[in-house]
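Only one structure is covered here, and it is reproduced in the block below.
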2 protein chains.
Amino acid sequence: MSRPTLVSLARELGVSRQTVSNVINAPHLVRPSTRQRVQEAIERSGYRPSAVAQALRRQKSSTIAMRMYPTSDGINGAVMDRFLHRVVEQAESMGHRVVLFTAADDRAEIGALRDLIDRDSIDACLLTSTTAGDPRPAELGAAGIAFGAFGRPWGEENTASHLWADVDGRAGTRAATEHLIDRGYRRVGFIGWPDGPGVGQDRLQGWADVIRERLGVDDPDEWLVRSDDGIVQGSAAATDLLRRGCDALVCTSDSFATGAFDVFRGRPDLDGVLPIIGFDDTPVARAIGLSSITQPVEAAATLLVHRLVARATGDDGATPIPSSRAVGSDGHLLTPLLQLRTLEAAPAPAPLSGRRPGAEAGSDRPLEPAGG
Amino acid sequence: MSRPTLVSLARELGVSRQTVSNVINAPHLVRPSTRQRVQEAIERSGYRPSAVAQALRRQKSSTIAMRMYPTSDGINGAVMDRFLHRVVEQAESMGHRVVLFTAADDRAEIGALRDLIDRDSIDACLLTSTTAGDPRPAELGAAGIAFGAFGRPWGEENTASHLWADVDGRAGTRAATEHLIDRGYRRVGFIGWPDGPGVGQDRLQGWADVIRERLGVDDPDEWLVRSDDGIVQGSAAATDLLRRGCDALVCTSDSFATGAFDVFRGRPDLDGVLPIIGFDDTPVARAIGLSSITQPVEAAATLLVHRLVARATGDDGATPIPSSRAVGSDGHLLTPLLQLRTLEAAPAPAPLSGRRPGAEAGSDRPLEPAGG
DNA sequence: ACGTTCAATTGGAACGATCAAAACGCTAGT
DNA sequence: ACTAGCGTTTTGATCGTTCCAATTGAACGT
């Protein structure tokens with residue numbers, strides 16, 4: 001009544017264990033009649049090869065490891081959640097498992113990974129939240145540990161040789177800003193994180209580019225407020241930017257956008273128009289009907305896991321990649337999507353001269369075109 | 001250059017592999033001098049026993065499996081995130097790994113678990129999001145799969161024999177409601193989910209209990225609004241309840257509370273007082289300074305994992321459980337915590353006759369006592 | 001008829017650990 | 001001196017699979 005094994009099956013069928021093994025791993029080596037007989041026995045008995053024994057013999061366990069960060073902020077958390085979920089799905093679809101581990105810092109992470117490699121024979125691991133000067137890629141590379149990174153090698157996009165995928169935040173804010181300008185807004189402000197390299201800078205740049213190119217603004221600082229992340233901070237920043245004459249906002253985060261959203265809603269003089277676009281398409285944004293820039297994290301997960309596993313197994317099938325731009329030797333920049341909610345429902349933009357271009361749009365339901 | 005093994009180490013030291021093994025697993029069997037010599041070699045070489053080989057030999061892999069749900073809503077997601085994180089931590093601290101898997105439904109989950117047991121020799125698994133009439137406990141029990149559930153066996157709390165832990169939502173809303181009443185509020189409303197057994201009913205009950213006992217309200221429906229979850233819905237419900245004369249609110253979810261928070265904030269006539277208490281202490285709640293009821297999910301994770309692993313390894317050490325109430329044969333109801341934010345800063349409640357008892361409190365900073 | 005070739009199948013060894021039992025050297029009891 | 005007992009160490013078998021080399025048997029050409 002215990003679990004069938006290769007040997008028990010083989011004995012029962014009067015063949016050798018290797019024949020049973022071959023039916024599974026190299027069917028072409030087995031005579032069709034035998035193959036079928038074995039095949040049936042396998043199905044009837046519900047035999048499944050022991051992944052553990054396979055791992056011992058093959059010296060790899062079809063497992064991918066990933067570090068789990070404490071859910072410091074729920075917003076980043078939601079994104080990582082989506083990522084992780086897709087990683088597990090993709091890995092499963094390729095016959096791999098995902099194990100989690102925690103680590104206090106990057107050094108500890110590398111140590112933990114060494115351990116997982118040595119003890120559990122994991123095949124590869126995924127890095128997330130890469131930073132400028134991140135020590136992990138180099139160390140893992142030196143240690144011969146296969147890995148993929150969700151997050152670009154900041155500052156070394158073109159020279160780094162490891163597998164990575166990241167979201168093109170700059171393209172995201174660029175699209176958002178252009179969208180607003182296309183609708184007639186002429187004073188698009190930006191709420192960003194404190195100065196520093198990385199994600200924040202990347203996202204700000206997209207906005208700054210467009211502001212400069214399309215609106216001819218020389219000094220973007222005029223419509224820029226930087227602050228630590230947070231809803232309350234977003235409200236304050238929005239108030240400030242309104243005072244400076246901004247008529248629309250792009251935000252580095254949904255937290256900011258949520259705070260800004262509040263401010264706009266509280267001001268009847270704006271006719272309920274909410275030209276705000278956040279970042280990350282958080283559940284909160286979805287809930288309150290805020291437009292936001294969605295990171296294609298699922299695409300990133302699919303890409304990374306597929307490549308990692310394919311590389312590990314030698315399966316050289318084509319990676320099912322969505323639209324992405326190649327960078328460096330094995331980098332991929334994925335284009336985010338503009339998730340329009342309140343905004344999309346608004347009618348066509350007013351003429352360029354319009355003072356408050358979106359004034360005709362009130363709710364999140366399509367209205368009859370505002371007759372002139 | 002390659003990884004040291006028991007044999008390679010033994011050969012190098014001129015002892016048998018079993019001696020090395022004993023130094024690790026049963027040091028008392030080894031002569032001190034030998035033990036030390038081996039010990040040093042182990043440390044010097046950085047030897048770590050292969051978990052894979054151990055798993056094969058011992059027929060268990062020191063691994064716990066857990067299903068990952070799609071992040072349908074980010075709120076529940078945040079809670080599950082916290083839970084998962086602690087599960088991983090606790091498992092690690094006991095030398096166990098956590099593997100994730102996905103499943104379309106409960107049947108698929110059981111199948112996936114069977115597979116993990118057979119192929120990966122996992123020791124146990126964790127169930128979450130249990131429902132009334134959940135088929136999983138019975139099936140897993142019948143299949144002889146060790147498991148613990150985060151979530152009570154609804155309707156069978158006293159008869160179910162499996163290990164479970166859940167949060168006493170009723171106690172949470174009770175505490176919240178009492179807190180508000182203690183501060184002088186006399187018309188405490190409730191925003192709940194649509195009628196139905198389970199979490200929603202449990203949380204509502206705590207409020208209803210107190211309303212009846214302390215305020216002598218016969219028909220709680222008077223101050224109760226039910227709705228699908230959501231921020232917008234929360235606003236609508238709050239508006240409704242304000243109209244009905246409520247002066248404080250307890251909510252089934254932080255989404256509701258967030259929506260209600262908006263309404264209160266928008267009404268200057270309330271003097272900026274925000275007697276609202278949400279549920280789950282979501283990042284959003286933290287961000288906007290909303291009081292909320294915190295589920296001790298970390299405690300639940302610790303308890304479940306500890307018990308599971310201890311049971312599996314025979315380690316009968318005491319489980320480090322925080323305050324919990326025993327239910328049935330192996331159930332645990334954990335008491336949630338009232339996370340006071342805006343409210344806690346308010347001064348002592350006004351006398352019972354006070355119309356708007358919290359009127360003296362404006363911001364989240366302590367104020368000088370409002371002189372009568 | 002006989003070596004060659006090839007398809008099909010088989011048995012031995014290995015992966016790296018643990019369990020169980022045997023063997024070893026020593027001391028102590030009779 | 002012989003053995004029983006004990007502490008220490010070793011050997012053999014096993015977990016379930018895959019790799020590798022060897023074996024079998026039939027078909028083939030010469």
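Excluded from the calculations below are hydrogen atoms, water molecules and symmetry mates; all remaining heavy atoms, backbone and side chain alike, are included. Everything quoted here is computed from the prediction, not taken from an experiment. First the proteins, then the strands, lettered A, B, ... as listed; each starts at 1.
- A:Leu56 and B:Ala53 get closest at one heavy-atom pair: CD1-CB, 4.0 Å.
- The 12-atom threshold is not exceeded at CZ of B:Arg48, counting heavy atoms of other residues, nucleotides or ligands nearer than 6.0 Å.
- Near DNA chain D, defined here as any heavy-atom distance below 4.0 Å, there are no residues from residues 113-121 of chain B.
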- [ ] I would like to know whether A:Leu334 and A:Leu303 meet side-chain contact (heavy atoms from CB on, under 4.5 Å); could you show each step before the answer?
- [x] CA-CA 10 Å; A:Leu334 310 181; A:Leu303 190 157; 4.2 Å; yes
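- For B:Gln36, the CD atom counts as loosely surrounded, since its 6.0 Å shell holds 12 or fewer non-hydrogen atoms of other residues, nucleotides or ligands.
- For the contact set between residues 19-45 of chain B and DNA chain C, defined by any heavy atom under 4.0 Å, the members are B:Ser21, B:Asn25.
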TODO: Before giving the answer on side-chain contact (heavy atoms from CB on, under 4.5 Å), spell out for A:Trp164 and A:Asp330 the whole-Å C-alpha distance, their side-chain angles and the decisive distance to 0.1 Å.
DONE: CA-CA 6 Å; A:Trp164 61 266; A:Asp330 207 3; 5.9 Å; no
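- For the pair A:Leu13 CG and C:dT9 C1', the interatomic distance rounds to 14 Å; values are reported in whole Å.
- Fit an axis to the five pairs at each end of the helix from C:dA1-D:dT30 to C:dT30-D:dA1 and the two axes sit 70° apart, to the nearest 10 degrees.
- Screening residues 86-100 of chain B for salt bridge (Lys or Arg N to Asp or Glu O under 4.0 Å) gives A:Asp120-B:Arg97 as the qualifying pairs, with residues at least two apart or on separate chains.
- A salt bridge is defined here as a Lys NZ or Arg NE, NH1 or NH2 lying under 4.0 Å from an Asp or Glu carboxylate O, and A:Arg44 with A:Glu12 meets this definition.
- No donor-acceptor contact under 3.5 Å links the side chain of A:Arg17 to the base of C:dT9.
- A salt bridge is defined here as a Lys NZ or Arg NE, NH1 or NH2 lying under 4.0 Å from an Asp or Glu carboxylate O, and B:Arg136 with B:Asp106 meets this definition.
- Annotation: side chain of B:Arg119 is not in contact with side chain of A:Ser50 (no heavy-atom distance under 4.5 Å).
- For DNA chain D, the outermost nucleotides in 5' to 3' order that have an atom under 4.0 Å from a heavy atom of chain B are D:dT8 to D:dG16.
- The two residues A:Ala312 and A:Asp123 come nearest to each other via the heavy atoms CB-CB, 4.5 Å.
- Listed by residue number, B:Leu56, B:Arg57, B:Gln59 are the residues of residues 49-60 of chain B with a heavy-atom contact under 4.0 Å to DNA chain D.
- With a 4.5 Å cut-off on side-chain heavy atoms, B:Val98 and A:Phe101 do not count as touching.
- Taking for each of B:Gly14 and A:Val7 the nucleotide of DNA chain D with the nearest heavy atom, the 5'-most of the two is the partner of B:Gly14.
- Counting heavy atoms from C-beta on, the side chains of B:Ser62 and B:Thr313 never come closer than 4.5 Å.
- Interatomic distance, A:Ser129 OG to A:Glu109 CD, rounded to the nearest 0.5 Å: 9.0 Å.
- Shortest non-hydrogen contact noted between B:Pro27 and B:Arg35 is O-NE, 3.2 Å.
- Between B:Leu6 atom CG and C:dC15 atom C1' there is a gap of 13 Å when expressed in whole angstrom units.
- In this structure, OG1 on A:Thr19 lies 12.0 Å from CG on A:Leu9, to the nearest 0.5 angstrom.
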